[in-house]
Trainee: 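The structure follows.
One is the number of the first residue; the rest follow in order along the sequence. The shown structure was predicted, so the numbers you read here are calculated from the model rather than taken from an experiment.
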Amino acid sequence: VQLQASGGGLVPPGGSLRLACAVSGVTSDNYDIGWFRQAPGKEREGLSCISSSDGSTFYADSMKGRFTMSRDNAKNTVYLTIHSPKPEDTAVYYCAASPPRRAGFCWISVSGYDYWGQGTLVTVSS
């Protein structure tokens with residue numbers, strides 16, 4: 001399983017930003033996919049995940065309403081849209097994959113994922 005996150009860069013506060021996670025080696029809808037981020041000097045934190053079984057999405061409580069996760073099976077790609085990015089959203093964003101463990105559910109936990117991409121840096125600054 002290989003994952004490649006892209007779409008990061010320098011963005012001004014406000015607007016929206018969409019990150020992409022291209023999955024290869026397997027079909028993306030056969031794995032739970034999660035999005036995580038790590039800010040400078042901080043631990044990696046979970047943002048959201050999408051269940052392989054039915055496409056249900058789950059978000060960390062602090063992220064609800066600001067992030068939207070989606071999946072394009074034809075492109076084998078999973079997306080994370082950041083709405084109204086703020087300077088505190090500056091971080092390296094990672095996607096990760098895990099074999100499904102529970103139908104219709106996924107975990108937003110670093111320890112729950114087996115395969116990781118290299119990450120894409122998002123810098124929010126005016």
Side-chain angles (χ1 to χ4, degrees):
V1 181
Q2 294 183 328
L3 305 101
Q4 180 63 56
S6 63
L10 176 63
V11 295
S16 66
L17 176 68
R18 190 175 77 164
L19 306 179
C21 175
V23 181
S24 60
V26 295
T27 304
S28 62
D29 59 353
N30 284 341
Y31 280 72
D32 294 341
I33 305 294
W35 277 101
F36 302 82
R37 71 182 181 186
Q38 188 165 16
K42 296 187 177 181
E43 294 186 350
R44 193 169 298 187
E45 63 175 339
L47 304 174
S48 64
C49 66
I50 187 165
S51 168
S52 60
S53 63
D54 61 1
S56 296
T57 53
F58 299 87
Y59 300 90
D61 288 342
S62 60
M63 309 300 172
K64 288 181 180 178
R66 295 199 53 240
F67 294 81
T68 302
M69 191 171 179
S70 60
R71 184 173 70 192
D72 186 333
N73 293 336
K75 296 183 178 180
N76 224 26
T77 300
V78 176
Y79 300 97
L80 179 72
T81 300
I82 307 172
H83 303 287
S84 297
K86 304 175 182 179
E88 50 263 42
D89 293 321
T90 294
V92 178
Y93 284 72
Y94 299 89
C95 54
S98 168
R101 294 181 172 88
R102 178 178 166 185
F105 188 76
C106 54
W107 278 264
I108 310 171
S109 170
V110 172
S111 62
Y113 288 80
D114 305 305
Y115 307 97
W116 290 82
Q118 289 191 329
T120 184
L121 175 63
V122 173
T123 303
V124 183
S125 175
S126 56

Trainee: Taking side-chain contact (heavy atoms from CB on, under 4.5 Å) as the test, write out the residues that go with Gln38, two or more places apart.
Mentor: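 Once residues adjacent in sequence are excluded, the partners of Gln38 under the side-chain contact (heavy atoms from CB on, under 4.5 Å) criterion are Arg44, Tyr94.
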Trainee: Mind checking whether Leu47 and Val110 sit in one hydrophobic cluster, side chains of I, L, V, M, F, W, Y counted as touching below 4.5 Å?
Mentor: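 No, Leu47 does not connect to Val110 through the hydrophobic network.
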Trainee: Any side-chain to backbone donor/acceptor pair from Ser53 onto Ala103? Under 3.5 Å, distance only.
Mentor: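 Such a contact is absent between Ser53 side chain and Ala103 backbone.
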Trainee: Return the CG to SG distance between Asp54 and Cys106, rounded to the nearest 0.5 Å.
Mentor: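 If we round to the nearest 0.5 Å, Asp54:CG and Cys106:SG are 9.0 Å apart.
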Trainee: Tell me whether Arg18 at atom CZ has more than 12 heavy atoms from other residues, nucleotides or ligands lying less than 6.0 Å away.
Mentor: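 Open: at most 12 neighbouring heavy atoms sit under 6.0 Å from CZ of Arg18.
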Trainee: Between Cys49 and Asp32, is the side chain to side chain contact (heavy atoms under 4.5 Å, CB included) condition met? List the steps.
Mentor: CA-CA 7 Å; Cys49 66; Asp32 294 341; 5.9 Å; no
Trainee: Looking at Thr77 and Lys75, would you say the former's side chain and the latter's main chain have a donor-acceptor pair under 3.5 Å?
Mentor: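 Looks like yes, one N/O pair under 3.5 Å.
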Trainee: Using only atom types and a distance under 3.5 Å, with no angle test, would you say the side chain of Ser51 pairs donor to acceptor with the backbone of Ser56?
Mentor: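 Pair absent, no side-chain N/O of Ser51 close to backbone of Ser56.
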Trainee: Ignoring hydrogens and angles, tell me if any N or O in the side chain of Ser126 forms a donor-acceptor pair with the backbone of Pro12 under 3.5 Å.
Mentor: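 No: the side chain of Ser126 does not pair with the backbone of Pro12.
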Trainee: Main chain of Ser84, side chain of Arg66: is a donor-acceptor contact present, judged purely on distance under 3.5 Å?
Mentor: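 Side chain of Arg66 to backbone of Ser84: a pair is present.
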Trainee: Does the side chain of Thr123 come under 3.5 Å of the side chain of Ser125 through a donor N or O and an acceptor N or O?
Mentor: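 Absent: no donor and acceptor within the cut-off.
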Trainee: Which ring-ring contact (aromatic ring centres under 6.0 Å, His included) pairs, counting each pair once, include a residue from residues 30-76, with sequence neighbours left out?
Mentor: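 Only Phe36-Tyr113, Phe36-Trp116, Phe58-Phe105 qualify under ring-ring contact (aromatic ring centres under 6.0 Å, His included).
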Trainee: Give a yes or no answer on whether the side chain of Arg37 reaches the backbone of Val122 with a donor-acceptor pair at less than 3.5 Å.
Mentor: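 Not at all, since once roles are kept as given, no pair shorter than 3.5 Å links the two residues.
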Trainee: Yes or no on side chain to side chain contact (heavy atoms under 4.5 Å, CB included) for Val26 and Tyr115, after CA distance, side-chain angles and deciding distance?
Mentor: CA-CA 12 Å; Val26 295; Tyr115 307 97; over 6 Å; no
Trainee: So does Glu88 have more than 12 non-hydrogen atoms from other groups sitting under 6.0 Å from CD?
Mentor: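 Correct, the count exceeds 12.
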Trainee: For the residue pair Val124 and Lys86, what are the closest heavy atoms and their distance?
Mentor: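 Reported closest heavy-atom pair: CB-O, 3.2 Å.
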Trainee: Do we see a donor-acceptor contact under 3.5 Å between the side chains of Asn30 and Ser52?
Mentor: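 No, no side-chain donor-acceptor pair sits under 3.5 Å.
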